[in-house]
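A short worksheet on the structure shown next.
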Amino acid sequence: MRHETALMQARALLERTPLLDGHNDLPWVIRNDRQARGDVIAYDLTRVHQDGDTDIPRLRDGRVGAQFWAAFQPTSAPHPARTALELIDLILRIEAAHPDVFLPARRATDVGRARRAGKIASFIAIEGGVGLENSLAPLRIWQAAGARLMTLCHNETLDWIDAATDAPRHNGVNAFGRAVIGELNRLGMVVDCAHTSHEAMRKVLDISAAPIALSHCNAFTLCDHPRNAPDDVLRRLKDNGGIVMATFVPGFISQDLRKWQAQSRDRYGKAPLAADPKAEQARQEARQGPAPRATLEQLADHIVYLVDIAGADHVGIGSDFFGGAQPLGLENVGCFPALFAELIRRGLSQAILAKIASRNFLRVMREVEKVGAKLRAERGPALGRIEDYPGA
Ligand SMILES: [Zn+2]
């Protein structure tokens, strides 16, 4: 099929079925922008940011219908609970600054509401349980503020959950970690195992009363970065009803790039957190020669593989645009139609593509909401801090 024909079909598909993206770090980009310094109005999302990857004109061009914004806290931040609140606040300010563009979305049905109003459904995700500071109370405050998904950890193992890119300490997850997952289930928030160790993914699949998400992960078999999901976890998503959301992070797509990057990483594959990821990449290229580029076509390989192993009902998209280097063909949020055009050329049916675009995630979210309502009828809030959980 000609490229232009596939692209037209992809655009038409994404106009019928909204594209839901499970992970975007724009709030962190706005916070660290040298001029705007966290001021949403000063950053000005209404203009195209050629040096960035996310702005309103390109969200529109990319047919994005629903977006999970990450309220990210690096594990090393001196004030993690404060940082989490500052990032939630930043997302609420994005919503408030552009009421004509973003519909504050807190339920699965809000995606349809946003579409009918010609808006983009804006969801809040917490990335990194470090902001809990080992207490369950912040979780309920985050939920009350609108958060509907929590990525359990970031790149470092916490006091209750093992990270993919750090030394394990809990055989996956400990007693307090189980309480966090139980409370997320009760609150109707999606439990997200992107960033947890493979063993933690398995444990969370054992524990969670509701479907889980891997909000920005690819297939470990195709690229053996520890952030990607192994086949046994992917297969278990069928029984769990959960979802793996393919991500654009170059080092999680291309095995060649993964090998190139490994030279500057520790044995767990962790990169030092860079204030300026593009400058860091440039420094590494000066040492090692040009980095192999990941491509849109390689990401399509991952998606076809994920559909194969996890099943067509368990795959979505979680771009993880974060202001850093991106694969060829996936440079900014305007790229989603091009990705779907490639998937059309790979022979995936319109029905499967609609599921990948948003139907699968919305099913997960409806189920998480249902389980939450049931659990809230059965039990009250879990009390406590980590010290109340023996063995944790
Ligand atoms: Zn992440």
Side-chain angles (χ1 to χ4, degrees), residues 20-32 53-54 67-77 80 83-84 87-88 90-91 123-132 142 147-158 161-166 184 189-198 200-201 204 212-220 223 225-229 233 242-253 257-258 261 265-266 268-278 280-281 294 299 302 316-327 330 333 361:
L20 181 148
D21 179 17
H23 196 88
N24 183 304
D25 274 307
L26 173 69
W28 190 249
V29 171
I30 295 177
R31 178 190 172 92
N32 293 323
D53 49 40
T54 304
Q67 181 67 64
F68 272 81
W69 306 113
F72 165 64
Q73 326 104 57
T75 315
S76 58
T83 308
L87 269 287
I88 292 172
L90 206 156
I91 297 167
F123 285 98
I124 302 170
I126 304 284
E127 183 173 35
V130 69
L132 293 178
W142 293 347
R148 292 296 178 268
L149 176 147
M150 177 175 152
T151 311
L152 295 174
C153 57
H154 191 239
N155 286 338
E156 295 77 17
T157 290
L158 303 181
I161 185 96
D162 289 336
T165 46
D166 200 356
L184 284 166
M189 288 175 70
V190 178
V191 179
D192 176 19
C193 285
H195 284 287
T196 78
S197 72
H198 294 169
M201 290 173 183
V204 174
I212 70 159
L214 305 166
S215 74
H216 48 305
C217 290
N218 293 329
F220 186 77
C223 173
H225 194 289
R227 276 278 285 98
N228 287 336
V233 166
I243 188 166
V244 56
M245 305 172 87
T247 192
F248 302 0
V249 179
F252 307 167
I253 293 176
L257 178 58
R258 150 91 175 125
Q261 288 180 335
R265 311 252 162 138
D266 65 19
Y268 298 104
K270 187 173 78 177
L273 191 72
D276 185 346
K278 281 177 182 159
E280 181 49 41
Q281 170 101 1
L299 179 65
H302 278 270
I317 303 290
S319 67
D320 198 2
F321 282 110
F322 63 100
Q326 293 296 345
L330 299 168
V333 292
F361 188 86

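Predicted, not measured: the structure shown is a model, and the values here were computed from it. Side chains are part of it too, since the values below use all heavy atoms of this structure and drop only hydrogens, waters and symmetry mates. We count ligands from 1, going down the list as the structure has it; atoms in each ligand are counted the same way.
Looking only at distances, no side-chain donor or acceptor of Ser197 sits under 3.5 Å from a matching main-chain atom of Ala163.
Listed by chain and number, the protein N, O or S atoms at a distance under 2.8 Å from the Zn ion (ligand 1) are Glu127 OE2, His195 NE2, His216 NE2.
In terms of the ring-ring contact (aromatic ring centres under 6.0 Å, His included) criterion, Trp142 has no residue partners (sequence neighbours excluded). Residues that satisfy the ring-ring contact (aromatic ring centres under 6.0 Å, His included) test with His195, not counting sequence neighbours, are His154, His216. Applying the side-chain contact (heavy atoms from CB on, under 4.5 Å) criterion to Ala294, with sequence neighbours excluded, gives Pro250, Ile253, Ser254, Gln298, Pro327.
The ring pair (Phe, Tyr, Trp, His ring centres under 6.0 Å) with Trp28 is formed by just one residue from the set Phe321, Phe72, Trp69; it is Phe72.
No side-chain heavy atom of Phe68 sits under 4.5 Å from any side-chain heavy atom of Thr151.
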